[in-house]
Amino acid sequence: SGGISIVRMSGKDAIEMADKIFVSKNGKKLSEASSHTVHYGNIVDEDGNIIDEVLVIVMRAPNTYTREDVVEIDCHGGILVTRKVLEAAIKAGAKPAEPGEFTKRAFLNGRIDLSQAEAVIDVINSKNEYALKSSVSQLDGKLSAKIKEIREVILNHVAYIEAALDDPEHISLDNYVNNIEKGVDNVYKLLKTSDNGRIMRDGIRTVILGKTNAGKSSLLNALAKEERAIVTDIEGTTRDVLEEQVNLGGVTLNLVDTAGIRKTDDYVESIGVEKAKKYAQDADLVIFVVDSSRPLDKNDDDIISLIQNKNVIVLLNKSDMEQVVKPEDLKNLNKFSMVSISAKNETGLDKLEHAIKDMFFNGEISFNEEIYITNVRHKTLLKEALDSLHMVKDGINQGMSEDFLTIDLMTAYEKLGMIIGEEVEDDLADRIFSKFCMGK
């Protein structure tokens, strides 16, 4: 239930079908209406009984979402009344939409390409402002334009190499590998954004580690802004993992609070400690919470050994108390930054936010020129295109026949084309659009 529902019809007979169930207050037919106009009246059933008082929007092809005639019926948002309006439309000749069918029609009718169509669902599913900006950028066609630019360069390479094949006396491939290298660089630059792109879209897999009573659960509660974890002075309170998704300065953290790492004879707690170690190995980021009011001990040393070569932010917690631990005490860690906080008083969290952005995005994320690859399908195709371009480079260096070079170039061209849908099979398109909701 909601304030309003929208029943959308798209296709060459959409306006004609709407006329069968809509009675305008001014007596005019929708078929007489100009494009992009709003009309007030009633939806009626086949016997002429009023179902609901509505507004109907008429939009004529090609200036619509699907490039077909589109009618949108704004009715009241009750479940029963919406169902009756839908039933009336179906009795008038419409058929229920498949998942994502409106966007699929927009793709098939050439209004958007496949990467833009996928951006639609990414906009809907955006979990933070960076994911939204990245999706909107892709929907705006920035990725498409870049892919088309690279493909055009590849076609030029094919034409040049085929000309060299036809006229080897006047056209040479000497040092041509340098030209191919530029294409390799362009694809590589896109591909290397995929890690940050995944983080924008899905969030940073973040594990909170520390010895018992370091303040891990207090940190989780402070970031989640609610009492998600039990906090006591008793060591070993947290025995299992707790998971929470939080938004910190526009970046999504998929937080995992873990049992305090220490040697223990408690069987249940020991299982929690082993879980903590496993989660740490798979994390994008480890937040190592140190009780700065107590000296480092063997448990801290064990954690430091565990998280070598991970992205680590050390939180010197309990900054409201006398500080015993100094930054130089943690010099054994390789890749880390250090922040002083008080999880109990919720101070220093802004510094943690800046530290995360510095670590993953060099302090900021710019969407002016930068394109971020957030889609696993796109990443896979870019990797395959890059492999083909490397084969072209190797072929030139090894003096291989021009025929082999053009085959590899065209493979790269086709793989890039699959990103924007110029080279795509029907079952792939069906699989992509099946992830959409019915109304989109």
Side-chain angles (χ1 to χ4, degrees), residues 195 198-199 202-224 228-231 234-246 248 251 253-319 323-341 343 348 351-352 355-356 358-360:
D195 287 338
R198 177 188 62 79
I199 286 169
D202 300 328
I204 302 173
R205 295 188 299 251
T206 307
V207 173
I208 305 173
L209 289 184
K211 64 187 178 187
T212 55
N213 272 23
K216 302 182 299 301
S217 296
S218 295
L219 175 66
L220 176 69
N221 291 341
L223 293 173
R228 282 288 288 114
I230 298 172
V231 177
I234 302 171
E235 292 192 348
T237 303
T238 303
R239 296 188 170 203
D240 203 352
V241 297
L242 282 174
E243 299 186 35
E244 183 74 12
Q245 189 173 85
V246 303
L248 188 64
V251 176
L253 300 183
N254 299 313
L255 281 176
V256 178
D257 180 26
T258 61
I261 292 182
R262 64 170 177 171
K263 293 190 181 300
T264 177
D265 295 326
D266 187 300
Y267 178 70
V268 175
E269 186 181 355
S270 66
I271 294 175
V273 171
E274 290 306 311
K275 274 191 176 184
K277 292 178 179 178
K278 182 180 182 304
Y279 273 88
Q281 293 304 314
D282 297 331
D284 297 317
L285 170 65
V286 172
I287 297 179
F288 177 21
V289 182
V290 175
D291 181 352
S292 61
S293 68
R294 292 187 288 168
L296 297 180
D297 57 24
K298 180 66 167 57
N299 295 319
D300 293 300
D301 292 337
D302 289 343
I303 295 171
I304 291 172
S305 298
L306 176 68
I307 59 179
Q308 289 291 346
N309 301 317
K310 302 292 291 184
N311 291 316
V312 179
I313 295 178
V314 178
L315 294 189
L316 297 179
N317 191 29
K318 305 185 182 181
S319 61
Q323 302 293 284
V324 174
V325 178
K326 302 291 187 274
E328 53 268 24
D329 296 335
L330 291 145
K331 60 186 178 182
N332 291 335
L333 277 172
N334 288 336
K335 298 185 296 183
F336 76 99
S337 60
M338 189 172 297
V339 176
S340 181
I341 72 160
K351 297 176 183 177
L352 173 60
I356 291 173
D358 285 340
M359 182 168 286
F360 287 92

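Residue numbers run from 1 in the order of the sequence given.
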**Study point:** Main-chain N/O of Leu242 paired with Asp257 side-chain donor or acceptor, under 3.5 Å
**Key:** no
**Study point:** Reported CZ-to-CD1 distance for the pair Arg198 and Ile204, which is rounded to 0.5 angstrom
**Key:** 9.0 Å
**Study point:** For the student: nearest non-hydrogen atoms of Val246 and Ala224, plus distance
**Key:** CG1-CA, 3.7 Å
Exercise for review: Search all heavy atoms of Asp300 against all heavy atoms of Pro295 and return the closest pair with its distance.
Suggested key: OD2-O, 4.2 Å
Practice item. Enter the distance from Met359:CE to Leu285:CG here, rounded to the nearest 0.5 Å. Key: 6.5 Å
**Study point:** Interatomic distance, Ile307 atom CD1 to Ile287 atom CD1 [nearest 0.5 angstrom]
**Key:** 11.0 Å
Practice item. Show the numbers, then the answer: is there a side chain to side chain contact (heavy atoms under 4.5 Å, CB included) between Glu244 and Leu223? Key: CA-CA 9 Å; Glu244 183 74 12; Leu223 293 173; over 6 Å; no
Point to revise | CG on Leu253 to CD on Gln245, rounded to 0.5 Å | key: 9.0 Å
Check your understanding: Quick one: salt bridge (Lys or Arg N to Asp or Glu O under 4.0 Å) partners of Lys351, sequence neighbours excluded?
Key -> none
Exercise for review: Run the numbers on Phe288 and Lys310 for side chain to side chain contact (heavy atoms under 4.5 Å, CB included), then give the verdict.
Suggested key: CA-CA 11 Å; Phe288 177 21; Lys310 302 292 291 184; over 6 Å; no
Check your understanding: When you measure from the side chain of Asp284 to the backbone N and O of Arg205, does any donor-acceptor pair fall under 3.5 Å?
Key -> yes
Review point. Asn254 side chain to Asp202 main-chain N or O, any donor-acceptor pair under 3.5 Å?
Key: yes
Review point. At what distance, to the nearest 0.5 angstrom, does OG1 of Thr206 lie from CG of Asn311?
Key: 10.0 Å
Point to revise | By salt bridge (Lys or Arg N to Asp or Glu O under 4.0 Å) - contacts of Asp297 (at least two apart) | key: Lys211
Exercise for review: Quick one: do Asp291 and Lys318 satisfy salt bridge (Lys or Arg N to Asp or Glu O under 4.0 Å)? Show the steps, please.
Suggested key: CA-CA 6 Å; Asp291 181 352; Lys318 305 185 182 181; 3.1 Å; yes
Study note, to complete from the structure: To the nearest 0.5 Å, atom CG of Leu315 lies from atom CG of Leu352 at 5.5 Å
Check your understanding: So, the side chain of Ser319 versus the backbone of Ile341: is there a donor-acceptor pair under 3.5 Å, distance only?
Key -> yes
Revision key, fill the gap. Scanning both residues in full, the closest heavy-atom pair of Asn213 with Lys216 reads N-NZ, 4.5 Å
Check your understanding: Can you tell me if Asn317 uses its side chain to pair, donor with acceptor, with the backbone of Ala343 under 3.5 Å?
Key -> yes
